[in-house]
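A quick write-up on the structure given underneath.
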Amino acid sequence: MADKSPAQRIIDVVRRIPRGQVAGYGEVAHRAGLPGRARLAAKVLSENTDPGLPWHRVVRSDGRIALPEGSKGFREQCQRLRADGVNVIKGRVRDLKVARTLDEQMWGPFES
DNA sequence: CAGGTGACTCTAC
DNA sequence: GGTAGAGCCACCT
């Protein structure tokens with residue numbers, strides 16, 4: 001199923017990330033059916049303009065904010081993350097492990 | 001077609 | 001904990 005474009009798939013996956021949870025670019029890309037396209041996911045998010053898209057819940061594999069510190073997007077992501085109940089310290093997500101564990105438990109091993 | 005770029009990831013030191 | 005190098009894929013000049 002799913003005959004959408006790669007970008008659309010990525011957006012779809014990001015959109016369904018639960019509140020208070022975070023995901024990595026690689027994870028999102030993989031779940032979108034595009035393994036190894038973490039960079040594409042980043043590109044799509046950078047080009048995205050949908051205000052209803054929780055793009056701020058997507059971080060790097062090490063749990064850090066992908067945007068350059070001090071940039072506008074960085075501050076906005078940080079703020080939104082905290083508003084979601086995610087503990088962010090020095091541009092890094094502290095609950096990344098917990099989020100990942102929850103992710104596997106609620107979403108399953110892989111594949112959609 | 002070759003070269004540069006990027007909200008990436010992994011391994012090694 | 002951090003930095004450095006290589007690999008990676010899609011897109012633009």
Side-chain angles (χ1 to χ4, degrees):
Chain A
M1 35 191 278
D3 285 28
K4 304 176 187 177
S5 295
Q8 186 58 60
R9 279 197 185 153
I10 291 170
I11 296 212
D12 207 43
V13 173
V14 173
R15 193 185 302 255
R16 62 189 249 199
I17 298 177
R19 178 181 172 280
Q21 198 172 47
V22 296
Y25 290 89
E27 292 268 5
V28 172
H30 195 132
R31 277 198 186 288
L34 307 162
R37 274 70 169 169
R39 271 186 127 138
L40 177 60
K43 183 101 173 162
V44 172
L45 291 186
S46 67
E47 299 285 308
N48 149 73
T49 58
D50 189 337
L53 185 72
W55 57 270
H56 58 272
R57 290 177 190 150
V58 185
V59 293
R60 291 204 321 216
S61 60
D62 51 7
R64 288 194 177 183
I65 306 295
L67 287 82
E69 190 175 344
S71 69
K72 190 176 182 182
F74 175 88
R75 279 195 300 271
E76 186 169 351
Q77 181 162 14
C78 246
Q79 196 171 349
R80 285 190 178 214
L81 243 26
R82 293 209 194 95
D84 278 358
V86 179
N87 190 11
V88 182
I89 300 178
K90 284 192 270 295
R92 171 159 42 175
V93 176
R94 265 317 202 139
D95 306 321
L96 181 62
K97 280 187 178 177
V98 179
R100 284 209 181 207
T101 305
L102 283 171
D103 179 39
E104 284 188 17
Q105 286 186 9
M106 70 187 304
W107 281 11
F110 265 123
E111 229 164 353
S112 72

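First the proteins, then the strands, lettered A, B, ... as listed; each starts at 1.
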Item to complete: Could you tell me the separation between the CZ atom of A/Arg80 and the CZ atom of A/Arg19, rounded to the nearest 0.5 Å?
Response: 13.0 Å

Item to complete: With C1' as the reference atom in both, quote the distance from C/dT13 to B/dA7 in angstrom, rounded to an integer.
Response: 22 Å

Worksheet item: When rounded to the nearest 0.5 angstrom, what is the spacing between CD in A/Gln77 and CH2 in A/Trp55?
Response: 5.0 Å

Worksheet item: Which of the following nucleotides, B/dT9, C/dC9, B/dA7, is nearest to the side chain of A/Ala38?
Response: B/dT9

Discussion item. Does A/Arg39 contact B/dC8 through a side-chain donor or acceptor facing the base, at a distance under 3.5 Å?
Written reply: yes

Worksheet item: How many Å lie between CZ on A/Arg60 and P on B/dG6, as a whole number?
Response: 14 Å

Item to complete: From the options A/Ile11, A/Leu40, A/Val13, select the one residue that forms a side chain to side chain contact (heavy atoms under 4.5 Å, CB included) with A/Val28.
Response: A/Val13

Response to the item:
Rounded to whole Å, CZ of A/Arg31 lies from C1' of B/dC8 at a distance of 18 Å

Worksheet item: Separation of A/Trp55 atom CH2 from B/dC8 atom P, in whole Å?
Response: 13 Å

Worksheet entry | C/dG2 OP1/OP2 closer than 4.0 Å to side-chain N/O of A/Arg64 | yes

Worksheet item: Between A/Arg94 (CZ) and C/dG1 (C1'), how many Å, whole number?
Response: 12 Å

Worksheet item: Rounded to whole angstrom units, what separation is found between the CG atom of A/Asp62 and the C1' atom of B/dC8?
Response: 10 Å

Worksheet item: Rounded to the nearest Å, what distance is computed from the CG atom of residue A/Leu67 to the C1' atom of nucleotide B/dC8?
Response: 12 Å

Practice prompt. Could you check A/Arg92 against A/Gly36 and say which one's nearest nucleotide on DNA chain C is further toward the 5' end?
Written response: A/Arg92

Worksheet item: Rounded to the nearest Å, what distance is computed from the NZ atom of residue A/Lys72 to the C1' atom of nucleotide B/dA7?
Response: 16 Å

Worksheet entry | Rounded distance (nearest 0.5 Å) linking atom CZ of A/Arg82 with atom SG of A/Cys78 | 4.5 Å

Worksheet item: Is A/Leu40 touching bases, backbone alone, or none of the nucleic acid, heavy atoms closer than 4.0 Å?
Response: sugar-phosphate

Worksheet entry | Short side-chain N/O contact from A/Ser61 to OP1 or OP2 of B/dC10, under 4.0 Å | yes

Item to complete: Measure the distance from NE2 on A/His30 to P on B/dC8 and round it to the nearest whole Å.
Response: 19 Å

Worksheet entry | Euclidean distance, A/His56 NE2 relative to A/Phe74 CZ, rounded to 0.5 Å | 14.5 Å

